[in-house]
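Heavy atoms only: backbone and side chains are in, while hydrogens, waters and symmetry mates are out. Letters go in sequence order (proteins before strands), and every chain restarts at 1.
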Amino acid sequence: MVTIRLTNSKTRKKEDFVPIDPENVRMYVCGPTVYDRAHLGNARPVVVFDMLFRLLRHVYGEGHVTYVRNFTDVDDKINAEALRRQKAGAPGTLEELIHERTEETIAWYHADMDALGALRPTVEPRATEFIAQMIAMTEGLIASGHAYAVEGHVLFRVRSYKDYGKLSGRSVDDMIAGARVEVAPFKEDPMDFVLWKPSSGEEPGWDSPWGRGRPGWHIECSAMAQELLGESFDIHGGGLDLQFPHHENEIAQSACAHPHGDFAHYWLHNEMLQVEGKKMSKSLGNFFTVRDLLDQGIPGEVIRFVLLMTHYRSPMDWTAEKAAEAQKTLMKWRKFVTGVKPSEADHRVIAALSDDLNTAGAIAVLHELAKSGDAPSLAASAHLLGLLTNKLGDWPTQDDFSEEVRALIKRLAQAWANYRDQKDWQRADQIRDALLGLGVRVTQKTAQHWEVRYENPDMISLAEREERVAALARLEALQ
RNA sequence: GGCGGGUUGGCGGAGAGGUUACGCAGCGGAUUGCAAAUCCGUGUAGACCGGUUCGAUUCCGGUACCCGCCUCCA
């Protein structure tokens, strides 16, 4: 069996991956807070850990991997949006509007991540479905002296856990020195963090021993991981920005609540994404969602490919140039594997992926397979990366055109062939270029036989396409 | 201020203590009415300084620059 090696943030070393139970390899990844569309930065961990999920399934068998990714559906931004809608006159109670908002955001998330070729995790728990477990865990922490209730809040006593800061490499004293936050007066220690907090009338809340309130963010993941994967499991993943404080707090809570478990054995963190060299932010104006890109006509597979071009532990930059390069490569490969029956994934691809998810290295092997003409292995290897699959079929094809437009294209292609036969290069080229603008390439195979190919050279949007079809019709009228 | 990551050829981007990464672009050629597509060939590197070594882009130390986290943004 292939040995997977992973860089464990806990030890800062690349280690052989040894599962607790090869029959059931268990992984938890922090999912989104469902208050709005996922942006491109959200997509990176999704694709990275989808890649790991696929590799684990390949090595241990499809039925032997449990992948949990949560939805955080308790959040101030969700409440704010629901409240805004209510004030704008939307019908229903605030709770119903909150539910509506999370439902719609989860549906968007699924649609967008499906478009990137990410497999759905085995379980996608919602925080609101595990409130009872969070309360129970919080009660346990109070009972064991690791937490305390004050003024409707429950706080975790950071000083009660000696290994606090180990994952992120910080000491509690350093953290206090650098703290820039105002400290709530009821905290015993500035570093203590919230396990439970009170809810006001218009906020969602659940009854608890400490009054009506809602859970803190960190306890959500601890409770759900424990409930669904057990006190000890194999892998915990997430973005590097979550390493502190979120993951640090998760470890502290879980270790104290379940002293016999050891929580996650391997911690994996993906580096952050940038856009054209800058951090993506609304103020810089370089902020966009996955849906924005899809709407621009960039196939989800292209986005996936770009995300896989860079190793997950390196910062990566999204640029239009990269997207164009990825698109070109995928178009070439797709043409090459059309109608080919996939064979086996190349061992070098598996070796690269097993070496701490070296997706860039795996892609290099894909290039070599394409160059050497091994289409069946290219197809199978690409499938392992979640590429060149039938599911990722959001590429333009002739089916995207209506019956009339297809007929129009056919007539123009015939006209092009005729002009060529007459050696009327000017008129032939005019038609050829107009068709090309629509992603349709006419090629001369022999003097008598010509063929039409549908491609997407510029990743044109639907609106643009309409305009170009109209231009074609005008061109035909001129013939 | 504290902690962490990065710096490879025009661009993207890996591995490896000594042998061609790979891709894109470029250049030359084949093909073509011209292009496109395709095919063949090809140049260009390792931020800086020092150390270890027969030999370092690869290991160690330092410097510079960039980035992230420390604020419930993945």
Side-chain angles (χ1 to χ4, degrees), chain A residues 9 12 29-33 35-36 38-49 69 72 74-77 165 167-171 173-182 191 193-194 197 215-221 237-246 248-249 269-274 277-282 287 305-306 308-311 313-317 319 321-329 331-332 335-336 348 351-352 355 358-371 373 420 423-426 428-429 432-433 436 441-444 453 455 457:
Chain A
S9 304
R12 283 151 226 272
V29 173
C30 293
T33 301
Y35 66 93
D36 207 348
H39 62 248
L40 190 61
N42 293 309
R44 192 170 187 198
V46 171
V47 170
V48 164
F49 292 106
R69 186 183 62 206
T72 296
V74 191
D75 180 78
D76 290 342
K77 286 184 217 124
L167 178 73
S168 53
R170 303 154 199 252
S171 77
D173 296 315
D174 287 343
M175 285 184 256
I176 291 169
R180 280 184 259 156
V181 207
E182 257 182 73
M191 284 314 295
F193 59 88
V194 167
K197 58 188 163 188
W217 179 39
H218 315 298
I219 194 79
E220 295 176 14
C221 286
L240 191 58
D241 58 335
L242 292 186
Q243 193 179 48
F244 185 89
H246 184 55
E248 200 70 73
N249 292 355
H269 291 99
N270 61 277
E271 253 290 356
M272 310 302 279
L273 176 127
Q274 293 180 291
K278 291 261 162 47
K279 177 177 171 159
M280 182 163 71
S281 74
K282 284 181 180 163
F287 181 94
F305 192 93
V306 170
L308 293 177
M309 273 166 72
T310 305
H311 187 91
R313 283 190 297 103
S314 294
M316 84 147 270
D317 201 16
T319 63
E321 203 184 341
K322 267 190 198 172
E325 189 180 323
Q327 194 244 13
K328 200 172 169 178
T329 302
M331 262 177 33
K332 200 160 94 179
K335 207 182 285 178
F336 183 53
R348 291 169 297 168
D355 183 13
N358 185 356
T359 50
I363 287 172
V365 177
L366 259 37
H367 279 294
E368 285 175 23
L369 289 170
K371 202 173 171 184
R420 274 195 53 125
K423 297 203 191 301
D424 186 344
W425 308 124
Q426 201 190 336
D429 290 354
R432 181 190 65 195
D433 294 344
L436 201 56
R441 184 185 301 285
V442 281
T443 57
Q444 189 83 13
R453 284 194 199 143
E455 296 173 354

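Atoms CZ (R313(A)) and C1' (G4(B)) sit 13 Å apart, rounded to a whole Å. Between E271(A) atom CD and C73(B) atom P the separation is 17 Å, expressed in whole Å. Protein atom CG of L308(A) is 14 Å distant from nucleotide atom C1' of G12(B), rounded to whole Å. Taking atom CD of E368(A) as the reference point, atom P of G23(B) lies 7 Å away to the nearest angstrom.
Along RNA chain B, the nucleotide nearest to N358(A) and the one nearest to V365(A) differ in position, and the one closer to the 5' end is contacted by N358(A). Nearest-nucleotide positions on RNA chain B place H367(A) closer to the 5' end than the other of H367(A) and W425(A).
Nearest to the side chain of H311(A), among G33(B), A74(B), A14(B), sits A14(B). Closest contact between the side chain of P45(A) and the listed nucleotides G13(B), A74(B), C70(B) involves A74(B). Closest to the K332(A) side chain, of the nucleotides C24(B), A14(B), C73(B), is C24(B).
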Pair T33(A), K77(A) - check side-chain contact (heavy atoms from CB on, under 4.5 Å), show working. CA-CA 9 Å; T33(A) 301; K77(A) 286 184 217 124; over 6 Å; no

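Judged by distance alone with a 3.5 Å cut-off, no donor-acceptor contact links the side chain of H269(A) to the base of A74(B). Evaluation of atom-type donor-acceptor distances gives no pair under 3.5 Å for the side chain of R432(A) against the base of A36(B). Residue-to-nucleotide contacts include no donor-acceptor pair under 3.5 Å from the side chain of K77(A) to the base of C73(B).
Remark: of the listed residues M272(A), Q274(A), H39(A), H39(A) is the sole one forming a side-chain contact (heavy atoms from CB on, under 4.5 Å) with M280(A).
Nucleotides C65(B) and C59(B) are separated by 23 Å at their C1' atoms, to the nearest Å. Of the C1' atoms belonging to G41(B) and U31(B), the separation is 15 Å, rounded to the nearest Å. Comparing the P positions of G1(B) and U57(B) gives an interatomic distance of 32 Å, to the nearest angstrom. Spacing between A30(B) and C22(B) at atom P, rounded to whole Å, works out to 25 Å. Between U42(B) and U20(B), the two P atoms lie 12 Å apart (nearest whole Å). G46(B) and G10(B) have their C1' atoms separated by 15 Å, given to the nearest Å. For C69(B) and A16(B), the C1' atoms lie 32 Å apart once the distance is rounded to whole Å. Comparing C66(B) with C60(B), their P atoms sit 24 Å apart, to the nearest whole Å.
Pairing of U58(B), defined by two Watson-Crick or G-U wobble distances under 3.5 Å, is not identified with any nucleotide. A21(B) makes up no base pair with any nucleotide shown, lacking Watson-Crick or G-U wobble contacts both under 3.5 Å. In this entry U63(B) has A47(B) as its Watson-Crick or G-U wobble partner, both defining distances falling under 3.5 Å. A37(B) is unpaired under the Watson-Crick or G-U wobble criterion, no partner having all donor-acceptor distances under 3.5 Å. Both distances falling under 3.5 Å, in either a Watson-Crick or a G-U wobble arrangement, occur for no nucleotide opposite G15(B).
Residues T310(A) and R44(A) are in side-chain contact: their nearest non-hydrogen atoms beyond the backbone lie under 4.5 Å apart. At a threshold of 4.5 Å between non-hydrogen side-chain atoms, the residues M309(A) and T329(A) do not count as touching. Side-chain atoms of R420(A) and R432(A), non-hydrogen and from C-beta on, never get closer than 4.5 Å to each other. Contact of the N249(A) side chain with the W217(A) side chain is not registered, since no non-hydrogen atoms from C-beta on lie closer than 4.5 Å.
Looking at heavy-atom distances under 4.0 Å, M309(A) makes contact with sugar-phosphate atoms alone, never a base. Residue-level contact check: K371(A) touches the backbone only, with heavy atoms under 4.0 Å from sugar-phosphate atoms and none from bases. Among the heavy atoms of the strands, none lies under 4.0 Å from Q243(A). Contact annotation for L273(A): base contact, defined as any heavy-atom pair under 4.0 Å involving a base atom. Note on L242(A): only backbone sugar-phosphate atoms sit closer than 4.0 angstrom, heavy atoms only; bases stay farther off. Among the heavy atoms of the strands, none lies under 4.0 Å from D433(A).
In this structure, E248(A) contributes its side chain and G165(A) its backbone to a donor-acceptor pair below 3.5 Å.
Distances shown here put every side-chain N or O of T329(A) at or beyond 4.0 Å from the OP1 or OP2 atom of G23(B). Between K197(A) and C72(B), a side-chain N or O to OP1/OP2 separation shorter than 4.0 Å is absent.
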